Colleague: 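So that we are looking at the same thing, I have put the structure below in structure tokens.
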Amino acid sequence: MPAERAYVPKMPATLMTAEELLHTSIPDKRTELVRGVLVVREPPGGRHGSVTMNLALRLGNHVEREGAGQVFAAETGFALARGPDTVRAPDIAFVRRERLPEPIPVGFPEFAPDLVVEVLSPGDRPGEVLAKVADWLSAGTRLVWVVDPERRLARVYRPDGSETIVTADGSLDGEDGLPGFSCPLASIL
């Protein structure tokens, strides 16, 4: 005789807000909020950290030398949408000087960076990465670089829907997200 399905009452989904996320502590995990739903991930590994830091140093040096704005470290959350709330946290972000609020908020900035960098980890799923790219571009980010250390390439996404693949012998270009910046991809891998 087949077993009966257990009765589970349909409970209304409770959505989290950006303010609740700001005060949520999940030790040793990375968190984001996607349309009110908490997303929890394992921290990235060594290669991810190395590639991210290599690029962050180059970006930071350029931004400081040019007085171009502010580079934000990994896991800085940006509130991209409200009702339900979406807070994304890139591996690296850059905001042009003229767009920086004074002072920089203690909580999640309520705007999209000009340039976002996502460095892939082995467990990243393509659909989730593309959803992040879409969230960034929809919120106003001018340029998204998705760096794939395993394949030794980067994909560049723009608001007009265009995409470029940069191979290890090419360079990442700041275009209008960070004018004047260029970095050989091989130098960060």
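What you see is a predicted model; the values in this text were computed from it and never measured. Sequence positions, counted from 1, serve as the residue numbers for this chain.
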Colleague: How far does CZ of R35 sit from CG of L80, to the nearest 0.5 angstrom?
Modeller: 9.5 Å

Colleague: Whether the side chain of E32 engages the backbone of A89 through a donor-acceptor N/O pair (distance < 3.5 Å, no angle test) should be reported.
Modeller: yes

Colleague: Between atom OG1 of T24 and atom CD of E19, what is the distance when rounded to the nearest 0.5 Å?
Modeller: 11.0 Å

Colleague: With no hydrogens and no angle check, is any side-chain donor or acceptor of R58 less than 3.5 Å from a backbone partner on S187?
Modeller: yes

Colleague: How about D148 and E150: do any of their side-chain heavy atoms sit closer than 4.5 Å?
Modeller: yes

Colleague: If the condition is side chain to side chain donor-acceptor pair (under 3.5 Å), which residues does E175 pass it with, not counting sequence neighbours?
Modeller: R158

Colleague: Determine the sole option in D173, L185, V147, L153 for which the side-chain contact (heavy atoms from CB on, under 4.5 Å) test with V166 is passed.
Modeller: L185

Colleague: In this structure, would F181 and V117 fall into the same cluster of hydrophobic residues linked by side-chain contacts under 4.5 Å?
Modeller: yes

Colleague: Do the charged groups of K29 and E42 touch, with an N to O distance under 4.0 Å?
Modeller: yes

Colleague: Count I, L, V, M, F, W, Y as connected when their side-chain heavy atoms are under 4.5 Å apart, and connections chain through other members. Are F111 and I104 then in the same cluster?
Modeller: yes

Colleague: On a heavy-atom basis, which atom in V87 and which in A79 lie closest, and how many Å separate them?
Modeller: CG2-CA, 4.1 Å

Colleague: Between P184 and S171, is any pair of side-chain heavy atoms under 4.5 Å apart?
Modeller: yes

Colleague: Going hydrophobic residue to hydrophobic residue with side-chain gaps under 4.5 angstrom, can you get from F108 over to V39?
Modeller: no

Colleague: Would you say that more than 12 heavy atoms from the other residues, nucleotides or ligands in this model lie under 6.0 Å from the CE of M16, or not?
Modeller: yes

Colleague: In the structure I gave you, are the side-chain heavy atoms of P44 and R30 within less than 4.5 Å of one another anywhere?
Modeller: yes

Colleague: Could you tell me which non-hydrogen atom of L189 sits nearest to which non-hydrogen atom of P149, and how far apart they are?
Modeller: CD2-CA, 3.9 Å

Colleague: Would you compute the distance between atom OG1 of T52 and atom CG of L59 and round it to the nearest 0.5 angstrom?
Modeller: 11.0 Å

Colleague: In terms of hydrophobic clusters joined by side-chain contacts under 4.5 Å, are L21 and L15 together?
Modeller: no

Colleague: With distance as the sole test, does R99 use its side chain to make a donor-acceptor pair with the main-chain N or O of P113 at under 3.5 Å?
Modeller: no

Colleague: What residues, two or more places apart in sequence or in another chain, satisfy side chain to side chain donor-acceptor pair (under 3.5 Å) together with D85?
Modeller: R82

Colleague: Does a side-chain N-to-carboxylate-O contact under 4.0 Å join E128 and R41?
Modeller: yes

Colleague: Side-chain contact, heavy-atom cut-off 4.5 Å: E118 with R88?
Modeller: no

Colleague: Kindly say whether the aromatic ring centers of F78 and F72 come within a distance under 6.0 Å.
Modeller: yes

Colleague: Does a side-chain heavy-atom distance below 4.5 Å link V146 with E163?
Modeller: no

Colleague: Please check if atom CZ in R125 has more than 12 non-hydrogen atoms from other residues, nucleotides or ligands closer than 6.0 Å.
Modeller: no

Colleague: What are the two closest heavy atoms between S121 and H48, and how far apart are they?
Modeller: OG-CD2, 3.2 Å

Colleague: First locate atom CG of D114, then atom CZ of R96, and finally report the distance between them rounded to the nearest 0.5 Å.
Modeller: 4.0 Å

Colleague: So does V40 get a backbone contact from the side chain of T31, meaning a donor-acceptor N/O pair under 3.5 Å?
Modeller: no

Colleague: With W145, which of V119, T164, I92, L172 fulfils side-chain contact (heavy atoms from CB on, under 4.5 Å)?
Modeller: L172

Colleague: Same cluster or not: V156 versus V51, using hydrophobic residues (I, L, V, M, F, W, Y) connected whenever any side-chain heavy atoms lie under 4.5 Å apart?
Modeller: yes

Colleague: With rounding to the nearest 0.5 angstrom, report the CG to CE distance, D91 to M53.
Modeller: 11.5 Å

Colleague: With a 4.5 Å heavy-atom cut-off, do V63 and F94 have their side chains touching?
Modeller: yes

Colleague: Is the CD atom of E64 crowded by more than 12 outside heavy atoms at less than 6.0 Å?
Modeller: no

Colleague: For the CG atom of L115 and the OG1 atom of T141, what is their distance to the nearest 0.5 Å?
Modeller: 8.5 Å

Colleague: If we ignore hydrogens and angles and just use 3.5 Å, is the side chain of S50 paired with the main-chain N or O of G46 as donor and acceptor?
Modeller: no

Colleague: Give a yes or no on whether the backbone of A73 and the side-chain of T76 come within a donor-acceptor separation of less than 3.5 Å.
Modeller: yes

